[in-house]
Amino acid sequence: FNIGLLCFYKYMDFFIQNINFVAGTEFNLLKIVLPLGISFFTLQQIAFIVDVYTGLTKKNDFIDYALFVSFFPQLIAGPIVHYKEVIPQFENKENKRFHKEEFSKGIYIFIIGLFKKVMIADSLSPFVSSTFDQDPSLHFFAAWAANFAYAFQIYFDFSGYTDMAIGLGRMFNIKIPTNFRSPYKTTNIVDFWAHWHITLTNFITAYIFTPIVRAMPRISFGYMMLSTFISMTIAGLWHGAAWTFVIFGVLHGLAIIIHHNWKKTKIVLPKWLAWLITFNFAAVCFTMFRATSVESALKVYKGMLGLSGFAMPKGILPTSLTQQFNIPLIAHMSNDDNLILILIILGFVIVKNFKNSMELMNEFKETPRYALATAAMFTLCIFGLNRLTEFIYFNF
């Protein structure tokens with residue numbers, strides 16, 4: 001029933017479009033309005049039913065169930081929580097009292113998330129939108145900038161939302177599970193998924209991958225890899241009703257298979273090289289994730305390969321050098337272009353060298369230094385709240 005509702009609201013028009021394309025029919029699209037957060041609360045409901053069926057969850061009072069599904073901080077975009085994780089916290093009488101330490105910690109992590117969203121993700125958003133959706137072609141440097149800009153936009157947007165959800169939960173003395181743990185520091189694709197959208201990865205493992213493995217004729221390396229590929233393809237499609245999301249899942253499924261086969265060779269890459277490959281693979285896949293169509297993604301990939309030219313903004317290289325190598329020049333970089341370049345560099349510095357928000361939360365102390373830092377971040381966010389934006393994962 002849950003999957004049926006999800007398919008109707010999220011995938012019916014996608015199904016009709018493909019039927020029309022393959023069969024040459026002209027069925028009208030239903031143009032159904034997608035309920036906010038349907039993917040997330042559907043997964044929570046499915047996990048609850050399976051946990052009750054397998055005996056992992058015993059108590060199933062309807063009021064508690066309704067509270068579990070509709071708890072507002074993580075209702076729209078996760079993290080995906082389990083009944084057995086949150087209901088005992090709601091029933092704990094100690095959590096029904098006001099705790100200033102938890103409330104302070106909640107405000108701190110909430111504002112960190114708000115800062116990520118407003119000051120970094122939203123500042124990158126106009127550039128990403130123009131390069132992906134408006135520019136007919138992208139030269140080499142613009143394509144790579146678009147690739148990195150979206151990789152950082154989606155990270156700071158989604159992890160920012162997660163921090164805000166965790167912070168709101170803490171204000172109510174409810175501990176919502178960690179959803180990100182420095183994914184851009186990882187050195188292989190398996191670790192990347194163990195640190196990116198952790199609750200979704202756990203859901204895929206428990207409720208998709210494991211049942212598929214059990215359905216296979218026997219347990220073997222080959223069947224495990226096939227199960228992995230199917231699971232990641234389903235995970236890609238879960239993100240949206242478009243072939244770009246299917247391809248995104250297929251690419252990650254293939255990458256995980258390649259990683260497991262590489263491990264069998266016992267060859268260990270230098271850590272810096274393993275990180276470089278992992279980060280760039282994730283960023284390149286996110287380009288497919290962001291694109292509104294396969295053609296839009298190919299436009300960016302063509303630019304990244306240099307197939308659309310190597311134009312260089314004036315002033316970056318000496319004129320004599322550009323003339324010697326016959327490098328085409330475009331206009332000087334604008335203030336907005338400089339801001340994007342600074343944000344991309346800042347993104348690399350933050351994800352590689354800074355502690356993640358959960359580490360910062362664990363170190364939090366109620367001191368004037370933390371209060372001033374929190375107030376400063378919040379003040380900057382107030383000045384940045386002059387744009388109409390939405391969280392990326394509200395669409396899923």
Side-chain angles (χ1 to χ4, degrees), residues 77-78 111-133 135 138 140-164 179-187 189 191-193 195-198 239 244 248 251-252 272 275-292 296-297 300-301 303-304 333-360 377 380-381 384 387 389-396:
I111 291 176
I112 287 178
L114 185 66
F115 185 87
K116 286 181 179 180
K117 165 64 176 170
V118 173
M119 300 308 298
I120 303 178
D122 286 354
S123 297
L124 290 167
S125 179
F127 174 76
V128 171
S129 296
S130 65
T131 51
F132 275 85
D133 302 333
D135 295 344
L138 299 172
F140 181 80
F141 297 102
W144 277 100
N147 174 69
F148 289 138
Y150 185 67
F152 290 127
Q153 183 198 356
I154 191 172
Y155 171 70
F156 287 109
D157 187 287
F158 192 26
S159 68
Y161 178 92
T162 297
D163 291 344
M164 294 167 75
N179 212 27
F180 288 88
R181 193 178 293 115
S182 302
Y184 286 160
K185 290 182 182 180
T186 56
T187 54
I189 196 63
D191 281 351
F192 173 82
W193 277 102
H195 292 76
W196 174 282
H197 205 344
I198 297 169
H239 282 90
T244 51
F248 173 81
L251 290 174
H252 277 279
W272 68 267
W275 170 81
L276 189 66
I277 293 171
T278 304
F279 174 79
N280 278 285
F281 175 80
V284 167
C285 286
F286 278 133
T287 290
M288 180 62 71
F289 186 93
R290 168 58 178 81
T292 53
S296 176
V300 180
Y301 292 147
M304 292 169 68
M333 292 178 66
S334 65
N335 290 336
D336 288 342
D337 294 332
N338 289 322
L339 174 62
I340 295 303
L341 180 60
I342 291 170
L343 286 172
I344 290 174
I345 294 171
L346 181 64
F348 275 109
V349 172
I350 290 173
V351 301
K352 277 294 290 174
N353 300 295
F354 280 49
K355 294 178 180 179
N356 61 53
S357 51
M358 294 299 98
E359 292 170 329
L360 293 174
M377 285 190 292
L380 289 172
C381 291
R387 300 166 281 207
T389 60
E390 64 179 19
F391 287 95
I392 291 173
Y393 266 72
F394 276 14
N395 299 313
F396 304 135

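In this chain, numbering begins with 1 at the start of the sequence shown.
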Please check if atom NZ in K355 has more than 12 non-hydrogen atoms from other residues, nucleotides or ligands closer than 6.0 Å. no
Indicate yes or no: at least one non-hydrogen side-chain atom of S125 is less than 4.5 angstrom from one of Q153. yes
Is the shortest heavy-atom distance from the side chain of L341 to the side chain of F141 under 4.5 Å? no
Is a salt bridge present between R290 and D133, judged by a nitrogen-to-oxygen distance below 4.0 Å? yes
Quick one: does any side-chain atom of W275 pair with a main-chain N or O of Y184 as donor and acceptor, under 3.5 Å? yes
Can you tell me how far CG of L114 sits from CE of M164, rounded to the nearest 0.5 angstrom? 5.0 Å
Which atom names give the shortest non-hydrogen contact between G113 and D163, and what distance separates them? CA-CB, 3.6 Å
Side chain to side chain, V351 and F156, heavy atoms closer than 4.5 Å: yes
From CG (L138) to OG (S130), nearest 0.5 Å: 8.5 Å
When rounded to the nearest 0.5 angstrom, what distance separates OG in S159 from CG in N179? 9.5 Å
Check: N353 side chain, V349 main-chain N or O, donor-acceptor pair, under 3.5 Å: yes
Say you draw a straight line from CD1 of I189 to CD1 of I277; how long is it, rounded to the nearest 0.5 Å? 11.5 Å
What's the shortest heavy-atom distance between I340 and S123, and which atoms? CD1-O, 3.7 Å
Any idea which heavy atoms bring N147 and A283 closest together, and the distance? OD1-O, 3.0 Å
Any side-chain heavy atom of Y150 sitting closer than 4.5 Å to one from T287? no
What closest approach, in Å, do A143 and V300 show between heavy atoms, and which atom pair accounts for it? CB-O, 3.5 Å
At what distance, to the nearest 0.5 angstrom, does CZ of F289 lie from NE2 of H239? 4.5 Å
Can the ring centres of F348 and F148 be said to be less than 6.0 Å apart? yes
K185 and N356: CA distance, side-chain angles, deciding distance, side chain to side chain contact (heavy atoms under 4.5 Å, CB included) verdict: CA-CA 10 Å; K185 290 182 182 180; N356 61 53; 6.0 Å; no
Between the main-chain N or O of F132 and the side-chain N or O of S296, is there a donor-acceptor pair closer than 3.5 Å? yes
Side chain to side chain contact (heavy atoms under 4.5 Å, CB included) evaluation trace for I350 with I120: CA-CA 11 Å; I350 290 173; I120 303 178; 4.0 Å; yes
If every non-hydrogen atom of K116 is compared with every non-hydrogen atom of S357, which pair is closest and at what distance? NZ-OG, 3.6 Å
Sole residue of Y155, W196, F281 in ring pair (Phe, Tyr, Trp, His ring centres under 6.0 Å) with F286: W196
Hey, could you give me the CE/CG distance between M304 and N280, rounded to the nearest 0.5 Å? 7.5 Å
Would you call L343 and F152 a side-chain contact if the rule is heavy atoms closer than 4.5 Å? no
Kindly assign one of parallel, tilted or perpendicular to the pair F180 and F158, based on the angle between their ring planes and the thresholds 30° and 60°. perpendicular
